[in-house]
Amino acid sequence: MKIDVLSLFPEMFEGVFGSSILKKASEKDAVTFQVTNFRDYADNKHSTVDDYPYGGGAGMVLKPQPIFDAVDALSAHSETKPKVILLCPQGERYHQKKAEELAKEDHLIFICGHYEGYDERIREHVVTDEISIGDYVLTGGELGAMVVIDSVVRLLPGVLGNEDSQVHDSFSTGLLEHPHYTRPSDFRGMKVPDELISGNHKKIDEWRTKETLRRTWNRRPDLLENYSLNDIEKKLLAEIQKEK
């Protein structure tokens with residue numbers, strides 16, 4: 001995968017792309033990163049990328065020309081049409097299924113804006129997807145882009161050490177993930193559930209399924225509304241609800 005980022009603050013990405021899983025993914029050639037300051041594409045002598053909004057109002061608006069030209073340049077040598085993603089509070093609420101969808105693409109271009117907003121023609125004629133990572137406003141799109149990129153890159157083949165990790169992640173199955181424990185089995189009197197140290201894989205699987213349902217029921221019951229329970233899950237959920 002090729003990932004391009006358009007930002008007025010490219011230095012913000014140095015630590016993120018040079019650390020942890022994203023660094024390993026790059027070293028494995030699973031992904032290439034490039035961050036471009038779209039101010040470099042401004043066609044005026046002062047390299048300004050924003051201007052006052054027509055009709056008046058607070059703040060400045062990003063001009064279309066630098067963004068259009070930057071995306072054109074980055075797309076020119078792409079073998080497939082890239083997804084052009086605008087980080088924006090008005091966008092689609094980000095979720096795991098969207099991450100899985102984006103992980104199938106060959107080329108992603110992220111536009112990180114600042115100021116009051118974008119010229120609407122950028123949305124209408126350049127952008128393929130608008131994404132919001134939550135119902136709040138950030139200073140710019142950089143942090144949102146980092147969140148999306150991290151969640152996508154970890155899904156690429158060969159990036160994670162254990163491919164099963166992403167399959168059982170919270171939200172990947174539609175539910176929240178079950179609790180985890182490690183050694184020691186008894187820490188300050190707090191013990192690991194007997195099922196997990198029983199060696200009985202059937203018991204372990206049933207415990208994990210039940211705790212997945214319990215955690216989802218307690219924390220995100222809304223997820224169960226769109227989840228199709230099998231007979232075993234229905235039985236376990238009924239037990240959990242009685243225990244309440």
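Any value given below was found using the heavy atoms of this structure, including those in side chains, with hydrogens, waters and symmetry copies removed.
- Here I197 is tied into one hydrophobic group with Y181, V192, L196, I204, W207, each link being a pair of ILVMFWY side chains closer than 4.5 Å.
- The two residues V49 and A42 come nearest to each other via the heavy atoms CG1-CB, 4.3 Å.
- Partners of H180 by ring-ring contact (aromatic ring centres under 6.0 Å, His included), not counting sequence neighbours, listed by chain and number: H178.
- A heavy-atom distance below 4.5 Å is not found between the side chains of L155 and E101.
- Using a distance-only test at 3.5 Å, with no hydrogens or angles considered, no donor-acceptor pair links the side chain of S151 to the main chain of A99.
- Minimum interatomic distance between G18 and K23 (heavy atoms only, all atoms of both residues): O-CD, 3.2 Å.
- Heavy-atom neighbours of Q241 CD from other residues, nucleotides or ligands within 6.0 Å: above the threshold of 12.
- By the 4.0 Å N-to-carboxylate-O rule, R214 lies close enough to E243 to be salt-bridged with it.
- Counting non-hydrogen atoms of neighbouring residues, nucleotides and ligands closer than 6.0 angstrom, the CD atom of E27 exceeds 12 such neighbours.
- The shortest distance between side-chain heavy atoms of S75 and I109 falls below 4.5 Å.
- Note on L86 and Y41: separate hydrophobic clusters, where clusters join Ile, Leu, Val, Met, Phe, Trp and Tyr whose side-chain heavy atoms are under 4.5 Å apart, directly or indirectly.
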What do the steps show when you test T32 against I3 for side chain to side chain contact (heavy atoms under 4.5 Å, CB included), and what is the final call?
CA-CA 6 Å; T32 59; I3 293 180; over 6 Å; no
Apply side chain to side chain contact (heavy atoms under 4.5 Å, CB included) to C112 and F38, showing your working.
CA-CA 10 Å; C112 305; F38 59 86; 5.8 Å; no
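- The backbone N or O of E195 lies less than 3.5 Å from a partner atom in the side chain of S198, making a donor-acceptor pair.
- Under a hydrophobic clustering in which Ile, Leu, Val, Met, Phe, Trp and Tyr are joined whenever their side-chain heavy atoms come within less than 4.5 Å, directly or via other members, V148 and L160 fall into the same cluster.
- Counting heavy atoms of neighbouring residues, nucleotides and ligands inside a 6.0 Å radius, atom CD1 of I21 exceeds 12 of them.
- With a 4.5 Å cut-off on side-chain heavy atoms, R121 and K63 do not count as touching.
- Shortest non-hydrogen contact noted between L213 and L237 is CD1-N, 4.2 Å.
- Looking at Y227 and E233, their side chains do bring a donor and an acceptor atom within 3.5 Å of each other.
- Within 6.0 Å of the NZ atom in K24, the count of heavy atoms belonging to other residues, nucleotides or ligands does not exceed 12.
- L236 contributes atom CG, which lies 10.5 Å from atom OG1 of T212 (distance to the nearest 0.5 angstrom).
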Kindly determine whether E100 and K104 satisfy salt bridge (Lys or Arg N to Asp or Glu O under 4.0 Å), including the steps that lead there.
CA-CA 7 Å; E100 293 168 2; K104 297 175 183 177; over 6 Å; no
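- V61 and V126 sit in two unconnected hydrophobic clusters of ILVMFWY residues. Membership requires side-chain heavy atoms under 4.5 Å apart, directly or through other members.
- Nearest heavy atoms, S78 versus H107: OG-ND1, 3.0 Å.
- Heavy-atom minimum distance, L87 versus A145: CG-N, 3.7 Å.
- Distance CG/L224 to CG/L175: 6.0 Å, rounded to 0.5 Å.
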What's the verdict on side chain to side chain contact (heavy atoms under 4.5 Å, CB included) for V31 and K2, showing C-alpha distance, side-chain angles and the deciding distance?
CA-CA 6 Å; V31 63; K2 181 179 181 182; over 6 Å; no
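- The shortest non-hydrogen separation linking R215 to P179 is NH2-CG, 3.7 Å.
- With sequence neighbours excluded, the residues satisfying ring-ring contact (aromatic ring centres under 6.0 Å, His included) with F17 are F13, F33.
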I111/I85 under side chain to side chain contact (heavy atoms under 4.5 Å, CB included): CA gap, chis, key distance, verdict
CA-CA 6 Å; I111 302 175; I85 300 161; over 6 Å; no
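- Listed by chain and number, the residues in a ring-ring contact (aromatic ring centres under 6.0 Å, His included) with H114 are F9 (sequence neighbours excluded).
- Other residues sharing a hydrophobic cluster with M190 under the 4.5 Å side-chain heavy-atom criterion for ILVMFWY residues are F187.
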Can you list, pair by pair, the side-chain donor-acceptor contacts under 3.5 Å of residues 129-136, counting residues two or more places apart and other chains?
| residue | atom | partner | partner atom | Å |
| --- | --- | --- | --- | --- |
| D129 | OD2 | K98 | NZ | 2.6 |
| E130 | OE1 | R123 | NH1 | 2.5 |
| S132 | OG | G134 | N | 3.2 |
| S132 | OG | G134 | O | 2.9 |
| D135 | OD1 | R93 | NE | 3.4 |
| D135 | OD1 | R93 | NH2 | 3.4 |
| D135 | OD2 | R93 | NH2 | 2.6 |

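- Counted within 6.0 Å of NZ on K81, heavy atoms from surrounding residues, nucleotides or ligands total 12 or fewer; the atom is thus considered open.
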